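Every chain is numbered from 1 and lettered A, B, ... according to where its sequence line falls, protein lines coming before strand lines. Owing to the predicted nature of the structure, the values given are computational and were not obtained by experimental measurement.
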Protein chains: 4
Amino acid sequence: MQETIPSSKTQILDAAANCFMNLGSDVASIDDIARSIGATKGRIYHHYPSKGSLLSAVRMRAVAFTLDALATTVGVHKAPADKLRLMAYTHVLTVIKTLPYHKVVLQHYRENVAKSTTEYERKLIAEIEDRRRTYENLFREVIDQGIKNGAFADRDSSVSLHSVLILLNSPVFWYTPPKTGVEQNRQAIANQLADMALASLGVETI
Amino acid sequence: MQETIPSSKTQILDAAANCFMNLGSDVASIDDIARSIGATKGRIYHHYPSKGSLLSAVRMRAVAFTLDALATTVGVHKAPADKLRLMAYTHVLTVIKTLPYHKVVLQHYRENVAKSTTEYERKLIAEIEDRRRTYENLFREVIDQGIKNGAFADRDSSVSLHSVLILLNSPVFWYTPPKTGVEQNRQAIANQLADMALASLGVETI
Amino acid sequence: MQETIPSSKTQILDAAANCFMNLGSDVASIDDIARSIGATKGRIYHHYPSKGSLLSAVRMRAVAFTLDALATTVGVHKAPADKLRLMAYTHVLTVIKTLPYHKVVLQHYRENVAKSTTEYERKLIAEIEDRRRTYENLFREVIDQGIKNGAFADRDSSVSLHSVLILLNSPVFWYTPPKTGVEQNRQAIANQLADMALASLGVETI
Amino acid sequence: MQETIPSSKTQILDAAANCFMNLGSDVASIDDIARSIGATKGRIYHHYPSKGSLLSAVRMRAVAFTLDALATTVGVHKAPADKLRLMAYTHVLTVIKTLPYHKVVLQHYRENVAKSTTEYERKLIAEIEDRRRTYENLFREVIDQGIKNGAFADRDSSVSLHSVLILLNSPVFWYTPPKTGVEQNRQAIANQLADMALASLGVETI
DNA sequence: TATGAATGAGGCTTCATTCAT
DNA sequence: TATGAATGAAGCCTCATTCAT
């Protein structure tokens with residue numbers, strides 16, 4: 001879907017994202033994932049050394065999707081409200097397009113008081129966390145600037161940031177694709193959420 | 001916390017909520033829960049017939065907390081914006097006060113394509129879903145009314161509803177209690193989120 | 001059924017026999033038995049110190065039923081064929097009347113390579129075995145005598161004995177009571193099996 | 001014993017039959033079975049998805065043994081008495097040769113009011129029951145024919161059938177192999193039981 | 001006598017992982 | 001690359017039994 005010619009790794013990744021999404025990453029077994037693409041466990045273990053690394057790959061790809069999407073907006077010079085609106089719109093659109101990946105990510109907001117992990121996997125997780133923070137900071141900057149600016153309401157900036165991000169990720173919790181007009185529907189939702197996000201920060205819409 | 005003298009069942013429920021919150025309901029084992037209150041597995045199974053039923057009890061109690069909290073506001077006659085603000089504030093405050101329960105709930109937005117469930121557990125889940133919907137409808141009514149009213153922006157009402165609810169539940173993802181001034185902090189957050197929720201619906205905040 | 005005023009012990013015994021019969025003595029739990037008479041485990045433990053002792057009581061009662069029934073025929077002086085016929089008829093009738101008990105007994109033909117047993121329970125089992133052997137010997141005597149006698153076919157006496165006993169117990173495997181005419185049906189079966197038993201030993205019937 | 005080179009599955013099956021026979025299928029644990037062939041539980045679960053399915057496989061094989069053995073006699077045209085004698089002899093011989101399997105079968109005459117069974121296992125059980133009935137019908141036909149014929153005594157045919165079958169299965173309850181002359185002993189028993197079975201039906205034994 | 005709470009041992013089952021092929 | 005067999009650890013659950021009331 002995202003790759004024109006899905007490589008074996010991408011096929012596995014997509015399958016994993018779907019299984020993790022549907023069953024939860026703890027419940028979905030390697031066998032479930034393998035079965036969903038008509039393969040056996042062995043094939044998966046040839047590409048990913050462990051279930052944890054596969055999960056990390058899914059989460060990493062989720063961040064990559066959004067980071068890539070925002071790349072074009074990063075250098076743009078605009079007023080905070082305009083810039084944030086563009087970022088918000090882009091973010092929502094990306095999330096909806098690659099929903100399974102982001103659903104998996106949202107399962108993992110809990111502090112991973114992981115029961116046991118290898119050194120290698122802790123490194124993967126640290127990298128994900130690092131990129132996630134990088135991404136978050138793109139929003140933090142523009143929001144902080146807008147608050148300082150007077151463009152946004154003078155509220156606690158941390159709460160503002162997190163609330164906006166949750167709002168923009170919320171399709172993860174309730175989005176279901178319509179029978180027809182998928183693309184149009186996505187854009188409508190992205191627009192509405194971008195509007196609501198800006199409004200929640202005190203920007204007068206319309 | 002909620003019970004002055006926690007009964008055995010409530011003690012187990014609190015422990016379960018905490019373990020499920022920290023480790024995820026799939027990873028946390030009955031032994032983890034038992035150990036956290038110095039009990040044996042047997043004691044837990046004496047009160048709850050299965051892990052699934054324990055999880056359901058936690059989720060049900062979460063809904064009960066919010067439903068009880070809103071009970072006082074149900075009859076109130078106010079303009080949609082005022083009424084929603086009261087509801088929003090109350091909701092956030094309740095969620096923060098009983099955070100572990102709501103963290104568990106939010107883990108379960110995934111459609112429970114559960115691997116296998118007994119008839120009995122499906123019934124429990126249906127009851128939870130029923131009460132959750134009842135609760136959701138309290139918000140739906142006032143939001144729909146406000147949109148019709150012109151008090152709220154004329155946007156897709158379903159998206160508006162779900163977005164507001166996610167916003168009001170967002171502390172689940174990021175709240176950590178401060179060292180001091182806990183109560184004051186809670187109220188500040190509840191106020192800010194209520195403000196943001198109303199603003200996101202297009203209500204001019206003063 | 002057997003007791004005009006079922007004492008508490010007898011009520012438990014009957015319930016146990018039924019549960020053991022239906023579920024198997026290993027699968028039926030004390031709770032199952034208690035529940036089937038609307039009681040709790042405690043009541044059963046007041047009358048029987050362990051599940052094993054309860055099972056033994058059921059098996060012992062089964063032997064007692066048949067032993068009591070044959071008591072009247074013990075002293076009788078008749079030709080082997082006639083005596084055996086009377087014994088056979090009486091045995092079958094008794095078995096059908098107290099079927100659950102005998103079904104339980106037949107579950108335990110396997111050498112009880114019991115996984116673990118207390119001294120006390122081994123004693124109970126020894127007593128049962130003792131009385132069972134006593135009962136078996138009543139048949140052995142008359143069959144041996146008949147073989148020596150020429151009344152019965154000159155075949156291996158041990159095989160003859162065991163085969164006849166299995167034959168006479170066979171209702172345990174297939175008997176189901178008719179809608180009407182229960183008593184008459186029982187007698188018909190007892191007669192037919194007695195006939196077949198004698199015939200199998202070479203006695204010309206009719 | 002039956003397979004010259006026992007496959008992994010057959011080895012497990014034989015081990016299961018022995019354990020189920022000795023301890024009872026409810027008491028014998030998967031660990032018991034695994035241990036008896038120096039394997040791990042995992043190995044068994046790799047080949048059989050559950051204990052129930054393993055038990056079903058044992059029972060199914062038991063029926064297969066007897067069904068295969070009688071295959072040669074099925075087309076034979078003989079008078080009922082002669083045909084039944086051949087069938088009886090063959091049956092007894094087969095049962096003694098594959099005793100553990102048949103001991104397991106005879107433990108399960110109880111209506112499996114099993115506590116809980118999966119759809120899959122109910123299907124297995126239905127198949128077993130189906131083949132068992134097929135086998136039983138081979139005997140039913142010849143017995144019915146003999147009764148109609150006048151070759152066998154004019155008694156209730158259902159009772160006659162079941163009694164004969166129990167008689168022919170009776171070694172399951174009492175057979176123990178002799179120190180020497182095993183094969184000869186088997187044949188002697190098969191002959192005696194065949195004789196007794198025919199006699200029990202009213203056939204004059206020479 | 002009887003109950004309800006609690007224990008602890010043991011059984012079934014799942015599953016990530018490894019390995020020989 | 002991929003498969004199928006096998007392992008071992010861990011989790012859920014049952015149940016005989018004990019005990020305080």
Could you check how far CG of D:Leu23 sits from P of E:dG10, rounded to whole Å?
-> 15 Å
By side chain to side chain contact (heavy atoms under 4.5 Å, CB included), which residues pair with D:Tyr45, not counting sequence neighbours?
-> D:Ile30
Phosphate oxygens OP1/OP2 of E:dA2: is one of them under 4.0 Å from a side-chain N or O of C:His47?
-> yes
All side chain to side chain donor-acceptor pair (under 3.5 Å) counterparts of A:Glu127, not counting sequence neighbours | none
Does A:Asp14 offer a backbone N or O that forms a donor-acceptor pair with the side chain of A:Asn18 under 3.5 Å?
-> yes
So which pairs with a foot in residues 33-52 of chain A pass salt bridge (Lys or Arg N to Asp or Glu O under 4.0 Å), sequence neighbours left out?
-> A:Asp31-A:Lys41, A:Asp32-A:Arg35
If you pin D:Ile44 and A:Gly38 to their nearest nucleotides in DNA chain F, which one's is more 5'?
-> A:Gly38
Can any side-chain N or O of B:Thr98 pair as donor or acceptor with the backbone N or O of B:Tyr101 at less than 3.5 Å?
-> no
Interatomic distance, C:Tyr48 OH vs E:dT1 C1' [rounded to whole Å] | 15 Å
Between atom CG in B:Leu55 and atom P in F:dC12, what is the gap in whole Å?
-> 12 Å
Quickly work out the D:Arg43 CZ to F:dG4 P distance and round it to whole Å.
-> 18 Å
Those residues at least two apart in sequence (or on a different chain) that pass salt bridge (Lys or Arg N to Asp or Glu O under 4.0 Å) with C:Arg131 are none
Could you label the plane-to-plane angle of the D:His102 and D:Phe65 rings as parallel, tilted or perpendicular, counting under 30° as parallel and over 60° as perpendicular?
-> tilted
OP1 or OP2 of F:dT1 less than 4.0 angstrom from a side-chain nitrogen or oxygen of A:His46, does that happen here?
-> no
Within the distance-only criterion (no hydrogens, no angle test), does the side chain of C:Gln107 pair as donor or acceptor with the backbone N or O of C:Ser25 below 3.5 angstrom?
-> yes
Rounded to whole Å, CZ of B:Arg35 lies from C1' of E:dG8 at a distance of 15 Å
Please write out each protein N/O paired with an N/O of nucleotides 15-19 of chain E under 3.5 Å, distance rounded to 0.1 Å.
from   : atom 1 : to       : atom 2 : distance (Å)
E:dC15 : OP1    : B:Lys115 : NZ     : 3.3
E:dA16 : OP1    : A:Lys51  : NZ     : 3.0
E:dA16 : OP2    : A:Ile30  : N      : 2.9
E:dT17 : OP2    : A:Tyr45  : OH     : 3.0
E:dT17 : OP2    : A:Lys51  : N      : 2.8
E:dT17 : O4     : A:Lys41  : NZ     : 3.3

CD of D:Gln11 versus C1' of F:dA6: gap in Å, rounded?
-> 13 Å
To the nearest angstrom, how far is C:Ile37 atom CD1 from E:dA2 atom P?
-> 9 Å
Side chains of C:Glu121 and C:Ser56: is there a donor and an acceptor less than 3.5 Å apart?
-> no
Given Watson-Crick and G-U pairs under 3.5 Å, DNA chain E in dot-bracket ([ ] crossing, | other strand) is .||||||||||||||||||||
